[in-house]
Amino acid sequence: MEQVFQHFRKDEQPFIEQVSGWVRETQDRYAPKLTDFLDPRQQYIANSLIGQNDEVLTSAFGEFSEAERKRMLISPSYFVATNEDYGITIFSIKYPSKFIKLEHPDVLGTLMSLGLDRSKFGDIRVNDDRIEFAVASEVADFVSMHITSIGKSKVKVEELPLDHPYIENSDVWVEESHTVSSMRIDTIIASLFNVSRQKASMLIHSGKVKVNWSVREQPAFELHESDLLSIRGYGRIKIGLIEGRTKKDKIRLQISRIEPKS
């Protein structure tokens, strides 16, 4: 296990142990294990840990096309999953969009106020006057019963059928290659957004930088493959492959970038 831990962050060790427990449960029961919603970094860790195991397979599904947050099935090699096996319900939110504009943070804040863990919710899609979100089916009734307003707006939550044309992801990701001196978060922000290290540190210390949906306030925090970096007002970055080093000891890095919407 120590050899596994050295490839990941210290604060990821509890999740690594959880994945190991899922694998043991699958092998002992010889039956699939369904996880809650995992972010891209967690999916990457699970696939990395289980990928070497011939007896156990992983698959992931988020119901929305190009979903970021997905539930995973860890299953014996014989098992073939269907979309229904992932236990995902999609809700739409009806509200007076002529008079008020609801945004992603408004919806997420209301969902989190229900007292459920973030892992019970998948992606939230907002498009003009339409809002849709994914939820673990085992808590769907609770969610629909308890969401009656978002902010000052009365809302109505409706379950959508599985064949409904859900909101498409309008984000356009552009792939780029970079060379950076280190994987420190302040270095990456300075290099990729063309700002000074001092400016990058200010953004970090002011709580405007998230890695995998969690605020990180340490400029020395190290980024890894499959991390999702979000800087308020600047956009989002997916860390792709770390391709080794140049002759001058710089790191070759593949990223995907999305600019903030104007």
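Counting begins at 1 with the first residue of the sequence.
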*Salt bridge between Asp28 and Arg24, side-chain N to carboxylate O under 4.0 Å?*
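Salt bridge flag = no for Arg24 with Asp28.
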
*Lys/Arg-Asp/Glu bridge criterion (N-O < 4.0 Å) met for Lys101, Glu103*: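 Between Glu103 and Lys101 there is no salt bridge, as every charged N stays at least 4.0 Å from the carboxylate O atoms.
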
Are there more than 12 heavy atoms of other residues, nucleotides or ligands under 6.0 Å from atom [atom1] of [X]?
X      : atom1 : answer
Gln198 : CD    : no
Asn194 : CG    : no
Lys154 : NZ    : no
Glu55  : CD    : no
Tyr78  : OH    : yes

Test item: [X] side-chain N/O and [Y] main-chain N/O as donor-acceptor pair under 3.5 Å:
X      : Y      : answer
Arg71  : Tyr86  : yes
Ser196 : Lys199 : yes
Glu132 : Ile167 : yes
Arg257 : Leu192 : yes
Arg236 : Leu229 : no
Ser137 : Gly87  : yes
Arg69  : Asp123 : no
Asp85  : Thr82  : yes

Taking all non-hydrogen atoms of both residues into account, name the closest pair between [X] and [Y] and its distance.
X      : Y      : answer
Tyr95  : Ile100 : CE1-O, 3.3 Å
Leu116 : Met112 : O-CE, 3.7 Å
Ile204 : Gln218 : CG2-N, 3.7 Å
Ala140 : Phe91  : O-CZ, 3.4 Å
Asp106 : Ile150 : O-CG2, 3.6 Å
Gln43  : Met72  : CA-SD, 4.0 Å

*asked:* Using the side chain to side chain contact (heavy atoms under 4.5 Å, CB included) definition, which of the options Thr110, Thr89, Leu114 pairs with Val143?
replied: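 One option only clears the test, and that one is Leu114.
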
*Hey, could you give me the OG/NZ distance between Ser181 and Lys248, rounded to the nearest 0.5 Å?*
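Rounded to the nearest 0.5 Å, the OG-NZ separation comes out at 13.5 Å.
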
*Measure the spacing between CH2 of Trp213 and CG of Asp39 and express it to the nearest 0.5 Å.*
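Output value for this atom pair is 5.5 Å.
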
Are a donor atom and an acceptor atom from the side chains of [X] and [Y] found within less than 3.5 Å of each other?
X      : Y      : result
Ser119 : Asp117 : yes
Glu222 : His224 : no
Glu243 : Gln254 : yes

*Should Thr26 and Pro76 count as side-chain neighbours, where that means a heavy-atom distance under 4.5 Å?*
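The answer is yes, as the side chains (C-beta and beyond) meet within the 4.5 Å cut-off.
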
*With a distance cut-off below 6.0 Å to the six-membered ring centre and an angular limit of 45° from the axis, does Arg41 pair with Phe8 as a cation-pi contact?*
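Because its charged atom misses either the 6.0 Å distance or the 45° angle limit, Arg41 does not stack over Phe8.
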
